[in-house]
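Basis for what follows: all heavy atoms, side chains included, without hydrogens, waters or symmetry-related copies.
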Amino acid sequence: MNWTSIAIEDLEAALNKPQLELLKSARFQSATRNAAEEAVSNVVAEIRAQIAAGAISYIDANHSKIPRELKECALRLAVERLMLRLPGLEISSLQSKHADIARQTLLRVSLGQLPVSEPDNPVSTGRAKKSAQVVHKRKRSATGETMRGL
């Protein structure tokens with residue numbers, strides 16, 4: 001399995017103890033809205049869009065899956081997204097730095113500078129890979145020799 005889904009337990013493992021307690025208390029306050037699930041699904045959608053924007057022409061058919069090598073990036077960005085959704089959740093400077101590194105990694109993926117693994121169930125993104133074009137050069141009929149005296 002080259003591509004993987006992100007579970008809420010994965011996100012909880014990326015949080016420190018005060019952040020985790022705040023997340024769990026927010027879960028009990030709102031039965032209809034789960035901030036953690038929203039943050040994870042939005043980050044996964046963003047990563048899939050970055051992959052599709054790059055030179056890679058296939059993504060996984062399952063919309064909840066991302067390349068395994070980008071899982072840490074997704075978790076770092078999801079922690080940052082939680083800060084926006086939960087008042088009182090503050091991220092540390094180290095978590096902020098990791099989120100910045102994750103954004104740089106995704107930029108490299110979208111520019112085609114960082115390849116990712118092949119999806120398990122590939123579907124086309126509709127983007128053709130860059131390819132070389134064959135150019136045939138015609139013989140020049142007008143040269144300095146043939147045009148002399150005109």
Student: Grab the two heavy atoms, one from P67 and one from S117, that are nearest each other, plus how far apart they are.
Tutor: CB-OG, 4.1 Å

Student: Out of curiosity, I6 CD1 to K71 NZ, how far, rounded to the nearest 0.5 Å?
Tutor: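 It comes to 6.5 Å.
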
Student: What's the spacing between L89 CG and L20 CG if we round to 0.5 Å?
Tutor: 10.5 Å

Student: Quick check on side chain to side chain donor-acceptor pair (under 3.5 Å): which of E90, Q19, R76 does Q95 satisfy it with?
Tutor: Q19

Student: Under 3.5 Å, side chain of N42 to main-chain N/O of A39, donor-acceptor pair present?
Tutor: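 No: the side chain of N42 does not pair with the backbone of A39.
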
Student: Does L75 form a side-chain contact (heavy atoms from CB on, under 4.5 Å) with V79? I'd like the steps, not just the answer.
Tutor: CA-CA 6 Å; L75 291 173; V79 167; 5.6 Å; no

Student: Going through the distances and angles, do L23 and L15 end up as a side-chain contact (heavy atoms from CB on, under 4.5 Å)?
Tutor: CA-CA 9 Å; L23 176 65; L15 297 172; 3.7 Å; yes

Student: For the pair W3 and I59, evaluate side-chain contact (heavy atoms from CB on, under 4.5 Å) and give the outcome as yes or no after the intermediate values.
Tutor: CA-CA 9 Å; W3 286 42; I59 57 175; 4.0 Å; yes

Student: Are the side chain of R81 and the backbone of E38 linked by a donor-acceptor contact shorter than 3.5 Å?
Tutor: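 Flag not set: sc R81 to bb E38 has no pair under 3.5 Å.
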
Student: Quick one: does D60's side chain have a donor or acceptor within less than 3.5 Å of a partner on D120's backbone?
Tutor: yes

Student: Between NE2 of H98 and OG of S92, what distance do you get to the nearest 0.5 Å?
Tutor: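 So the gap between those two atoms works out to 8.0 Å.
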
Student: Calculate, to the nearest 0.5 Å, the distance between atoms CG and CD belonging to N2 and E118 respectively.
Tutor: 8.0 Å

Student: Show the numbers, then the answer: is there a side-chain contact (heavy atoms from CB on, under 4.5 Å) between L82 and I91?
Tutor: CA-CA 9 Å; L82 276 177; I91 61 172; over 6 Å; no

Student: Please report the interatomic distance CD1(I101) to CG(L77), rounded to the nearest 0.5 Å.
Tutor: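 Those atoms lie 11.0 Å apart.
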
Student: So which heavy atom on A36 is nearest to which on L11, and how close?
Tutor: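 So the minimum-distance heavy-atom pair works out to CB-CD2, 3.8 Å.
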
Student: In this structure, would L84 and V44 fall into the same cluster of hydrophobic residues linked by side-chain contacts under 4.5 Å?
Tutor: yes

Student: V109 versus V116: any side-chain heavy-atom pair under 4.5 Å?
Tutor: yes

Student: Using 4.0 Å as the upper bound for N to carboxylate O, is an ion pair formed by E46 and R103?
Tutor: no

Student: What I want to check is whether the side chains of S96 and E80 have a donor and an acceptor closer together than 3.5 Å.
Tutor: no

Student: Could you measure the distance from the CG atom of L70 to the CD1 atom of I47? Nearest 0.5 Å is fine.
Tutor: 5.5 Å

Student: Is R48 reaching over with its side chain to a backbone N or O of K65, donor-acceptor style, under 3.5 angstrom?
Tutor: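 Yes, R48 side chain to K65 backbone: donor-acceptor pair under 3.5 Å.
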
